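None of these values were measured; they are calculated from a predicted model. As the structure lists them, so they are numbered: ligands from 1, and atoms in each ligand from 1.
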Amino acid sequence: MNYLSTDDIDNAKQWVDTAVALKKNPLQDIELGKNKTIVMLFFNNSLRTRLSTQKAAMNLGMNVMVMNFGSEGWQLEYGDGVVMDAGKSEHIREAAQVVSQYADVIAIRAFAKLENRDDDYKEEVLQSFVKYATVPIVNMESSAGHPLQALTDAITITEHITKKRPKVVLTWAPHPKALPQAVANSFATMMQKMEVDLVITHPKEYDLADHIVKDTPVEYDQNKALQDADFVYAKNWSAYQGENYGSAINFDKNWMLTEEKMAQTNDAKFMHCLPVRRNVIVADAVIDSSNSLVIEQANNRTYAAQIVLKKILEAKK
Ligand code: SN0
């Protein structure tokens, strides 16, 4: 079993309920991972993902090895039949098989390069490990998705639900850099599995992929979208569609979430995956309010990772 995208969640409710139970009793499966090793490979920066996944593994009694592959590993070649006489030192074929010999699970973070849409959505790094490794693979944010974050967000929303079908708004927000669509993609596909009414809002230039949005309503007027929202999830992403792929073509500061905007909602909870640019994505008054769930989201990263690792370890038994 791999955990590559939210598609690998066979029963969202059961996974979320199990994670909530794990949160109450985090050490209940401390024997499950005994003498099992997770190797975590980072091609990009991390705070929450690294520490919460490590914590989850420790709660399951696993051994953990972490490597900042991007800065400390050899430059990897992914192409077949390449004459490796330039900068790349090692082929993924050897690297993935070698790491598999030390690991029972391999977890990988490899962000989008935001240069070429097809290359990013092929998820070359993640899929190459899937192809050549001989152990289960966990996605710790690939070029197209961040399914551990999305599972976390489902857990957090479930914990704070006060009505049968809450309105959940995923809103684009401005950012000085071009960021991947990964978090937004996985949040959207995860919410589609939940008993919620999801609305996506962003400036026109920021349409997400059709295979992500499916029949989710898209409202280009942020104020309209926010009406009566129960949860507001802010995230920046760069353009997906057309020739502007990967660029930050519009830095519209009016899309920042302010107290005035939140006043249009149904006293909505504020969510963000972090790290967040204060007073760019969200005003201090919103993130510091009692309706902000960002710290609890980060806490729930542990239980999202723990349910994923538990499922993988149980499938391997
Ligand atoms: C990443 C992203 O995919 O948007 C990771 C989020 C979990 N975010 C960033 O790279 C933010 C960097 C910045 O400078 O604000």
Visitor: Going through the distances and angles, do Q192 and T216 end up as a side-chain contact (heavy atoms from CB on, under 4.5 Å)?
Guide: CA-CA 8 Å; Q192 289 158 0; T216 299; 2.9 Å; yes
Visitor: Output yes when D119 and K113 qualify as a salt bridge under the 4.0 Å nitrogen-oxygen rule, no when they do not.
Guide: no
Visitor: If we count only N and O atoms by modelled type, under 3.5 Å, do the side chains of Q297 and T156 hold a donor and an acceptor together?
Guide: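 No, because no side-chain N or O of Q297 sits under 3.5 Å from a partner of the opposite role on T156.
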Visitor: Counting only N and O atoms by type, is there a donor-acceptor contact under 3.5 Å from the side chain of N139 to the main-chain atoms of L4?
Guide: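 Answer holds: yes.
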Visitor: Out of Y206, F187, Y220, which residue meets the ring-ring contact (aromatic ring centres under 6.0 Å, His included) rule with W172?
Guide: Y206
Visitor: Measure the acute angle between the ring planes of Y240 and Y245, then classify it against the limits of 30° and 60° as parallel, tilted or perpendicular.
Guide: perpendicular
Visitor: Using a 3.5 Å cut-off on N/O to N/O, what pairs does ligand 1 make with the protein? A line per pair would be great.
Guide:
residue: ligand 1; atom: 3 (O); partner: E141; partner atom: OE2; Å: 2.6
residue: ligand 1; atom: 4 (O); partner: K235; partner atom: NZ; Å: 2.7
residue: ligand 1; atom: 14 (O); partner: K177; partner atom: NZ; Å: 2.9
residue: ligand 1; atom: 14 (O); partner: R277; partner atom: NH2; Å: 2.5
residue: ligand 1; atom: 15 (O); partner: H175; partner atom: NE2; Å: 2.9
residue: ligand 1; atom: 15 (O); partner: R277; partner atom: NE; Å: 2.8
residue: ligand 1; atom: 15 (O); partner: R277; partner atom: NH2; Å: 3.4

